[in-house]
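Keep in mind that this is a model prediction, so the values were computed, not measured.
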Amino acid sequence: MEKNIKNLYEYCDGLNSPIEAFLHTSIPDNFPILPHWHYFFEIIHILNGNVEVTCNENVYNLTPGDIIIFCPKHIHSIYETPAEASAPTTETDILTFSNLFANSPSGNKYVSNNNISIAKKGLSLSKKACLSPLSTDEIHPKIDKKHGSIQPVPDKTILSKSCNIRYQVLKFDLNFLHISGNYKSRFLNMMNVAYEQNPENIFFSKEDLKNYQIYELFEQCIEEIKTRQYGYDTLIGTNIAKLLTYLSRIWISKGIAVDEKILCASAPDNPFDNITEYIDRHYNEQLQVKELAKMCNMSYSNFARSFKQLYNQSCKEYIEFIRLNRVADLLIYTDLDLNYISQETGFSDCSHLIRSFKHWKGMTPKVWRREYGNS
């Protein structure tokens with residue numbers, strides 16, 4: 001990845017928040033969403049307003065009921081659909097960060113979309129997105145100094161008063177969902193094939209989705225994140241798996257071939273397919289990374305390097321992530337003491353558990369239980 005593109009990185013907390021689900025409503029401080037990338041999958045479902053979305057060099061038009069899915073490391077952005085300032089041209093329009101907000105009395109090209117004609121839904125054939133970093137002082141993303149990344153919203157108020165964009169969002173690390181490794185591999189294979197065949201395949205119109213309860217799936221995930229009742233992560237994983245299955249069925253209906261490459265989830269070039277499932281089942285044991293490497297027929301150094309590249313976390317961090325989530329559940333839903341919990345979740349002792357918990361959760365187990373435990 002080029003150096004200038006690295007500057008568009010948005011940090012996502014894979015250890016503490018591997019799944020995010022929320023409703024995004026446009027206000028001056030959080031819209032538009034400037035070009036950025038992250039290690040999560042992201043799916044947005046438009047509820048209100050018309051938006052122009054970019055993904056890599058491609059531009060898409062979405063209206064209420066449509067959704068689009070972004071792969072990890074793909075640069076994407078979200079704006080209000082621009083008013084048509086002039087008649088269509090046969091030349092390709094280049095979106096640059098310096099002209100996004102030109103040709104408008106307010107300085108914001110992305111004004112209210114009421115009573116305007118918009119471009120054909122889906123992939124635009126007349127526009128390409130520029131992937132260069134921002135080259136003007138008019139707008140630029142806020143900086144996240146703590147993580148050396150950006151917050152992909154303008155640091156100045158540029159949103160038109162009449163802008164009324166609302167959409168549901170799912171952001172998730174596919175590797176951390178409570179679904180089988182075979183399922184993850186099949187979806188990843190199909191996603192890659194679909195996108196390679198046609199970039200339009202990451203867009204799904206309201207008509208494509210009419211037979212599926214998309215709004216309800218998003219809404220249930222958002223509610224589960226809010227309440228965080230017992231097993232919320234499992235239910236969210238189930239809903240996301242349903243959603244990804246629906247998208248896969250739509251791809252198949254559009255001619256994406258389900259060949260051996262897609263169905264073979266345990267191909268030789270995927271040595272990690274089952275290792276996270278093994279960790280999930282044996283997290284309370286004294287797992288050794290070198291032994292996990294042997295299970296994949298890899299050297300320790302190659303295993304460690306490949307795991308970090310694939311999951312954006314070291315294997316040791318992933319194991320601790322699984323253990324800490326189990327600890328958090330036991331603190332909330334049981335009265336078990338910390339010594340017992342540390343033994344049941346694979347920590348060497350109670351002191352180790354407390355140090356790790358405070359480091360990743362920002363509070364001690366005692367405070368966590370007081371704040372989130374059932375009264």
Side-chain angles (χ1 to χ4, degrees), residues 12-24 38-47 67-70 72 166-188 190-191 204 209 211-250 265 273-274 276-284 311 313 318-334 336 341 344-345 357 360-361 368-369 371-375:
C12 294
D13 190 349
L15 282 178
N16 287 307
S17 302
I19 306 172
E20 298 179 32
F22 56 92
L23 174 66
H24 190 102
H38 42 67
Y39 289 105
F40 279 30
F41 275 92
E42 181 173 1
I43 309 177
I44 66 171
H45 175 224
I46 307 301
L47 298 181
I67 72 173
I68 191 168
I69 179 170
F70 305 115
R166 294 172 64 250
Y167 53 88
Q168 296 168 313
V169 180
L170 288 178
K171 292 176 71 174
F172 54 92
D173 188 328
L174 187 63
N175 298 306
F176 290 159
L177 293 183
H178 291 292
I179 53 180
S180 73
N182 288 343
Y183 180 91
K184 297 172 189 176
S185 295
R186 288 199 302 272
F187 178 77
L188 280 172
M190 183 173 288
M191 175 91 190
F204 300 85
L209 304 164
N211 295 323
Y212 307 109
Q213 296 179 319
I214 300 301
Y215 174 84
E216 288 77 9
L217 287 177
F218 275 84
E219 193 71 13
Q220 289 168 15
C221 289
I222 293 171
E223 184 62 23
E224 288 294 333
I225 285 288
K226 285 181 180 178
T227 59
R228 291 181 180 269
Q229 297 185 54
Y230 178 76
Y232 76 95
D233 50 348
T234 300
L235 289 179
I236 291 176
T238 299
N239 279 350
I240 292 177
K242 283 184 181 180
L243 178 57
L244 300 184
T245 300
Y246 296 155
L247 302 188
S248 299
R249 289 178 177 178
I250 294 171
D273 277 348
N274 299 312
T276 54
E277 288 187 51
Y278 181 86
I279 294 172
D280 291 349
R281 292 195 301 269
H282 300 274
Y283 69 89
N284 58 338
Y311 296 103
Q313 305 287 348
Y318 179 82
I319 294 171
E320 193 159 76
F321 160 80
I322 297 298
R323 289 172 173 168
L324 287 173
N325 278 324
R326 179 57 176 159
V327 169
D329 281 348
L330 291 174
L331 289 170
I332 293 175
Y333 302 110
T334 75
L336 298 173
I341 290 176
E344 286 296 300
T345 53
F357 197 94
W360 290 114
K361 299 295 185 181
W368 179 271
R369 172 172 270 169
E371 291 290 327
Y372 301 105
N374 294 327
S375 56

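When all heavy atoms of Ile240 and Cys221 are compared, the closest pair comes out as CG1-SG, 4.5 Å. For Phe40 against Pro18, the heavy-atom pair with the smallest separation is CE2-O, 3.7 Å. Shown here for Glu344 and Tyr283, the closest heavy-atom pair between the two residues is O-CE1, 4.2 Å.
Taking CG of Leu324 as the start and CG of Asp329 as the end, the distance is 11.5 Å to the nearest 0.5 Å. Once rounded to the nearest 0.5 Å, the distance linking CD1 of Ile341 with CZ of Arg369 reads 5.0 Å. We find the CG-CD distance between Asn239 and Gln213 to be 10.5 Å, quoted to the nearest 0.5 Å. Taking OH from Tyr167 and CD1 from Ile44, the interatomic distance works out to 6.0 Å, rounded to the nearest 0.5 Å. Atoms CG and CD1, on Asp280 and Ile322 in that order, are 4.5 Å from each other to the nearest 0.5 Å. Between atom CZ of residue Arg281 and atom OG1 of residue Thr276 there is a gap of 9.5 Å, rounded to the nearest 0.5 Å.
Side-chain contact between Ile19 and Leu170 is absent, with no heavy atoms from C-beta onward closer than 4.5 Å. Residues Val327 and Trp368 fail the side-chain proximity criterion, which asks for heavy atoms closer than 4.5 Å. At least one side-chain heavy atom of Ile236 sits under 4.5 Å from a side-chain heavy atom of Ile225.
In this structure, Ser17 contributes its side chain and Asp13 its backbone to no donor-acceptor pair below 3.5 Å.
Residues passing the ring-ring contact (aromatic ring centres under 6.0 Å, His included) test with Tyr278, sequence neighbours excluded: His282. Every residue meeting the ring-ring contact (aromatic ring centres under 6.0 Å, His included) condition with Tyr230, not counting sequence neighbours, appears here in chain and number order: Tyr333. Glu223 pairs by the side-chain contact (heavy atoms from CB on, under 4.5 Å) definition with Lys226, Thr227, not counting sequence neighbours. For Gln168, the side-chain contact (heavy atoms from CB on, under 4.5 Å) partners two or more places apart in sequence, or in a different chain, are Leu23, His45, Leu47, Tyr215, Phe218, Glu219, Ile222. Shown here are the side-chain contact (heavy atoms from CB on, under 4.5 Å) partners of Leu209, two or more places apart in sequence or in another chain: Ile67, Phe204, Ile214, Leu247, Ile250. When the side-chain hydrogen bond (donor to acceptor under 3.5 Å, both in side chains) test is applied to Tyr212, no partner is found at least two apart in sequence or on another chain. The salt bridge (charged side-chain N to carboxylate O under 4.0 Å, His left out) test applied to Lys361 returns no partner, not counting sequence neighbours. Arg228 pairs by the side-chain hydrogen bond (donor to acceptor under 3.5 Å, both in side chains) definition with Tyr232, not counting sequence neighbours. Residues that satisfy the ring-ring contact (aromatic ring centres under 6.0 Å, His included) test with His38, not counting sequence neighbours, are His36, His76. When the side-chain hydrogen bond (donor to acceptor under 3.5 Å, both in side chains) test is applied to Thr334, no partner is found at least two apart in sequence or on another chain. Under the side-chain hydrogen bond (donor to acceptor under 3.5 Å, both in side chains) criterion, Asn284 pairs with no residue, sequence neighbours left out.
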### Query
Does the pair Leu244 and Leu174 meet the rule for a side-chain contact (heavy atoms from CB on, under 4.5 Å), with working shown?
CA-CA 11 Å; Leu244 300 184; Leu174 187 63; 4.0 Å; yes
### Task
For the pair Ile43 and Ile68, evaluate side-chain contact (heavy atoms from CB on, under 4.5 Å) and give the outcome as yes or no after the intermediate values.
CA-CA 6 Å; Ile43 309 177; Ile68 191 168; over 6 Å; no
### Query
Can you check ring pair (Phe, Tyr, Trp, His ring centres under 6.0 Å) on Phe41 and Phe172, steps first, answer last?
CA-CA 5 Å; Phe41 275 92; Phe172 54 92; 5.7 Å; yes
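Listed by first and then second residue, the side-chain hydrogen bond (donor to acceptor under 3.5 Å, both in side chains) pairs involving residues 240-249 are Tyr183-Thr245 (not counting sequence neighbours).
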